[in-house]
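To start, the structure itself, in structure tokens.
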2 protein chains.
Amino acid sequence: MKIVSNNFANVAHGCRCVLGAGAMGMNYPLQSMSRTPTPRRRATLASLAAELKVSRTTVSNAYNRPDQLSAELRERVLSTAKRLGYPGPDPVARSLRTRRAGAVGLIITEPLNYSFSDPAALDFVAGLAESCEAVGQGLLLVAVGPNRSVSDGSAAVLAAGVDGFVIYSASDDDPYLPVVLQRHLPVVVVDQPRDVPGTSRVGIDDRAAMRALAEHVLDLGHREIGLLTMRLGRDWPHGGPGPALADPERVRTPDFHVQSERIAGVRDAMAAAGLDPNSLTVVESYEHLPTSGGAGADVALDANPRITALMCTADVLALSAMDRLRARGVYVPGQMTVTGFDGVPEALSRGLTTVRQPSIEKGRRAGELLHSPPRSGLPVVEVLDTEVVRGRTSGPPA
Amino acid sequence: MKIVSNNFANVAHGCRCVLGAGAMGMNYPLQSMSRTPTPRRRATLASLAAELKVSRTTVSNAYNRPDQLSAELRERVLSTAKRLGYPGPDPVARSLRTRRAGAVGLIITEPLNYSFSDPAALDFVAGLAESCEAVGQGLLLVAVGPNRSVSDGSAAVLAAGVDGFVIYSASDDDPYLPVVLQRHLPVVVVDQPRDVPGTSRVGIDDRAAMRALAEHVLDLGHREIGLLTMRLGRDWPHGGPGPALADPERVRTPDFHVQSERIAGVRDAMAAAGLDPNSLTVVESYEHLPTSGGAGADVALDANPRITALMCTADVLALSAMDRLRARGVYVPGQMTVTGFDGVPEALSRGLTTVRQPSIEKGRRAGELLHSPPRSGLPVVEVLDTEVVRGRTSGPPA
DNA sequence: CTGAAAGCGCTAACAG
DNA sequence: CTGTTAGCGCTTTCAG
């Protein structure tokens with residue numbers, strides 16, 4: 001009566017039944033074994049249709065177009081589905097047929113533990129997740145972390161079952177960029193790199209924002225400024241893993257646009273104030289450690305003890321720098337002005353002078369751009385607003 | 001010369017060409033237009049094979065079994081693939097055929113912005129992501145947030161193209177639990193609920209850990225204890241959205257095992273010390289706000305002003321409570337002992353007396369259990385170690 | 001080393 | 001409202 005698969009023996013030892021299909025196996029809980037005729041193999045839409053003696057279309061309709069069949073028939077379909085343990089149409093097969101995966105891929109090349117320790121990055125992910133959720137899309141974290149080789153990571157990109165990608169803050173020469181592009185799927189870039197052909201981008205005006213902040217600092221009377229930033233290039237030409245002075249040449253040819261734009265903003269303000277932009281002491285950090293800012297502050301003050309203001313390209317750097325300064329007995333803002341960038345909650349609550357950027361909104365817009373691309377089909381660049389927050393960590397130089 | 005898709009007018013203003021295939025469109029960057037004969041439609045393995053005049057098997061082998069064909073042929077395949085803009089085998093089609101999706105689904109019912117604001121939850125996700133990355137699996141955040149109806153969320157669970165699920169700290173009656181089980185895929189539960197048939201679980205001994213911590217508090221001499229916890233049930237029978245006193249009945253019949261186990265741990269210690277466990281003042285919070293702990297502290301001290309120790313089931317609650325106490329002019333630990341749970345970095349750096357649990361390891365083990373299930377095929381329960389951390393927030397009562 | 005045949009499980013026209 | 005017909009793009013025996 002029942003048609004039996006020829007590929008699988010009917011395994012039925014003990015309390016559960018393991019049908020081998022793939023490495024992971026599938027668990028049939030106890031109940032389904034005693035209650036129902038154990039299915040020889042996983043139920044499918046076709047087997048359900050056969051059981052019901054209706055066509056596959058009808059079963060499919062029962063799930064996807066309830067209005068296309070009578071309520072009773074639908075009920076009958078659904079209940080025998082339950083009896084057979086049929087979980088509904090297979091997502092993968094459906095995806096193949098409908099040509100939509102129901103998920104967007106998120107590419108973050110930075111170590112996840114970093115991204116997860118920077119509230120600004122997290123806010124971005126939360127915003128993206130929110131917009132995906134709103135349209136019922138899943139969010140796939142693609143396995144491209146630094147623990148894997150680039151070729152493994154590329155394989156993951158190539159193997160991701162997604163309808164599009166979001167690239168979060170990658171360097172100009174990120175090795176996964178071409179791989180992502182190769183998929184010919186819609187792509188939205190967040191922050192950097194700029195000018196990826198055919199892809200939309202959402203970001204902020206880093207240069208203008210940082211310039212406004214620097215003007216505030218200069219207005220207060222500061223003339224010797226130190227700047228702490230994350231690494232400017234994918235490479236790391238310095239000795240140890242700790243923060244290091246960046247020479248002008250390196251500042252001029254960055255892989256990470258965002259960082260260099262922010263530096264450029266400071267230099268703009270300095271030039272406008274009649275200062276030599278090259279007098280800016282730039283220190284870059286390679287690792288994203290909770291103490292990176294503090295270590296960077298040490299390097300900067302070592303290189304130029306006359307610094308009276310420390311500007312940082314991220315709040316996390318600034319907060320760490322503040323902790324370090326306190327430990328060194330340097331009073332903020334009395335003896336040292338410190339500024340950040342991002343406007344994360346802890347920074348705001350600690351009164352940091354900083355630039356607030358809408359990180360959540362960034363994620364949300366990136367998602368929306370993917371879910372409903374602009375009518376024109378042309379890539380767009382969305383520049384979100386920022387705001388200088390004058391806190392309690394900036395004041396006139398001593 | 002140029003061949004144009006028949007569904008869409010040939011859009012070619014400015015810099016790019018849009019070929020329509022699916023709602024989202026595919027972007028062909030400028031180069032591919034001028035360089036190569038624009039493909040009528042997306043290249044497939046079959047079309048590549050036809051172009052090369054070899055069989056599909058051969059092309060497939062070029063990608064999946066390099067040793068099955070000559071290096072030259074393989075090179076030829078790969079290069080014409082590049083020329084045609086063929087991104088390699090379609091992940092979805094491959095998944096259908098191989099019966100493996102290459103991703104695990106993560107089910108978090110709590111609002112994502114909460115999970116993303118609790119470092120312990122984040123650590124868990126980071127650990128899970130790490131273990132997935134190690135085996136090249138993607139991590140799919142399934143869209144089941146509180147912004148969507150349960151039926152939408154269920155659809156997302158049913159539609160997730162994954163090889164297994166991780167359920168993070170759900171209530172006993174979480175509506176997505178049965179839906180997940182229905183998929184007949186491997187499932188690993190983290191923390192709660194317990195005893196899901198046929199699924200492995202990883203967690204800690206919440207009761208024993210909390211009991212040990214409570215013993216420390218009692219040893220210090222405290223007799224009147226307040227306990228701050230997250231909500232005990234999926235429902236919220238109290239008036240406003242703020243924290244509220246939980247009556248013994250509600251403490252006894254919880255939906256969230258973890259919370260009630262931790263409470264039970266405190267009661268165990270109290271009973272052992274000769275105190276009436278029912279004298280414990282329990283306050284539960286519904287929302288996961290940064291200020292929830294503080295508000296809870298207010299409620300607890302209001303209900304029982306003689307409280308000298310405030311035990312919290314999460315560090316985030318305890319830290320918030322400490323902030324609130326300071327604002328009220330209550331000195332910790334001089335006038336009030338405060339304890340937490342989790343051992344998140346901020347808590348440790350602020351000297352909170354707490355229980356450290358290995359959140360990252362939890363995520364890692366959950367992933368590993370999914371990726372390489374126990375040989376026996378039987379579900380396992382992994383109980384990870386915890387450790388009481390005596391900090392600077394606990395001392396003898398005033 | 002290469003090719004032919006046979007689906008994986010499903011949905012989308014289009015007829016009845 | 002229901003069934004028939006065609007694939008979606010790929011991998012995998014199994015023969016040459």
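The analysis underlying the following values was restricted to heavy atoms, covering all of them including side chains, and did not include hydrogens, waters or symmetry mates. Note on naming: letters A, B, ... go to the chains in the order of the sequence lines (proteins, then strands), and numbering restarts at 1 for each one.
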- [ ] Starting from P on dT2(D), measure out to CD on E72(A) and report it in whole angstrom.
- [x] 9 Å
Task: I108(B) CD1 to Y176(B) OH distance, which is reported to the nearest 0.5 Å - done: 13.0 Å
TODO: Would you mind reading off the distance between R99(B) atom CZ and dT12(D) atom C1', rounded to a whole angstrom?
DONE: 15 Å
Open item on the list: Closer than 3.5 angstrom, by distance alone: can the side chain of D163(A) be matched with the main-chain N or O of G102(A) as a donor-acceptor pair?
Closed with: yes
- [ ] Using a heavy-atom cut-off of under 4.0 Å over every strand shown, decide if L69(B) touches base, sugar-phosphate, or nothing.
- [x] sugar-phosphate
Open item on the list: Need to verify one output field. Residue with the more 5' nearest nucleotide on DNA chain C, K53(B) or A46(A)?
Closed with: K53(B)
Task: Any donor-acceptor N/O pair, S149(B) side chain to D152(B) backbone, under 3.5 Å - done: yes
- [ ] Using a 4.0 Å cut-off on protein heavy atoms (strictly under), produce a 5'-to-3' string for nucleotides 11-16 of chain C with B for base contact, S for backbone-only sugar-phosphate contact, and - for none.
- [x] BBB---
Open item on the list: Out of the candidates V162(A), L370(A), L185(A), L140(A), only one should pair with V104(A) under the side-chain contact (heavy atoms from CB on, under 4.5 Å) rule; please name it.
Closed with: L370(A)
Task: Test side-chain contact (heavy atoms from CB on, under 4.5 Å) applied to T199(A) and L177(A), L369(A), L181(A), V180(A), the passing residue - done: L181(A)
TODO: Look at all strands and tell whether Y86(A) reaches a base, only sugar-phosphate, or nothing, counting heavy atoms closer than 4.0 Å.
DONE: sugar-phosphate
- [ ] Check the pair R364(B), E130(B) against salt bridge (Lys or Arg N to Asp or Glu O under 4.0 Å), reporting the backbone distance first and the verdict last.
- [x] CA-CA 7 Å; R364(B) 206 154 27 204; E130(B) 183 190 314; 2.9 Å; yes
- [ ] Starting at atom OH of Y63(A), determine the distance to atom P of dG9(C), rounded to an integer number of angstrom.
- [x] 15 Å
Task: Rounded distance in Å - CZ (R76(A)) to C1' (dC1(D)) - done: 14 Å
Task: d(CG, D67(A); P, dC1(D)) in whole Å - done: 8 Å
Task: Short side-chain donor-acceptor distance under 3.5 Å, N61(A) and R74(A) - done: no
Task: Presence of T58(B) side-chain N/O under 4.0 Å of dG3(C) phosphate oxygens OP1/OP2 - done: yes
TODO: Scan V54(A) against the nucleic acid and name what it touches under 4.0 Å (heavy atoms): base, sugar-phosphate only, or nothing.
DONE: sugar-phosphate
Task: Side-chain N,O (S55(A)) to OP1/OP2 (dG3(D)) below 4.0 Å - done: yes
Open item on the list: Without decimals, in angstroms, what is the distance between L96(B) CG and dC8(D) P?
Closed with: 13 Å
Task: Distance, rounded to the nearest Å, where N61(A) contributes CG and dG3(D) contributes P - done: 10 Å
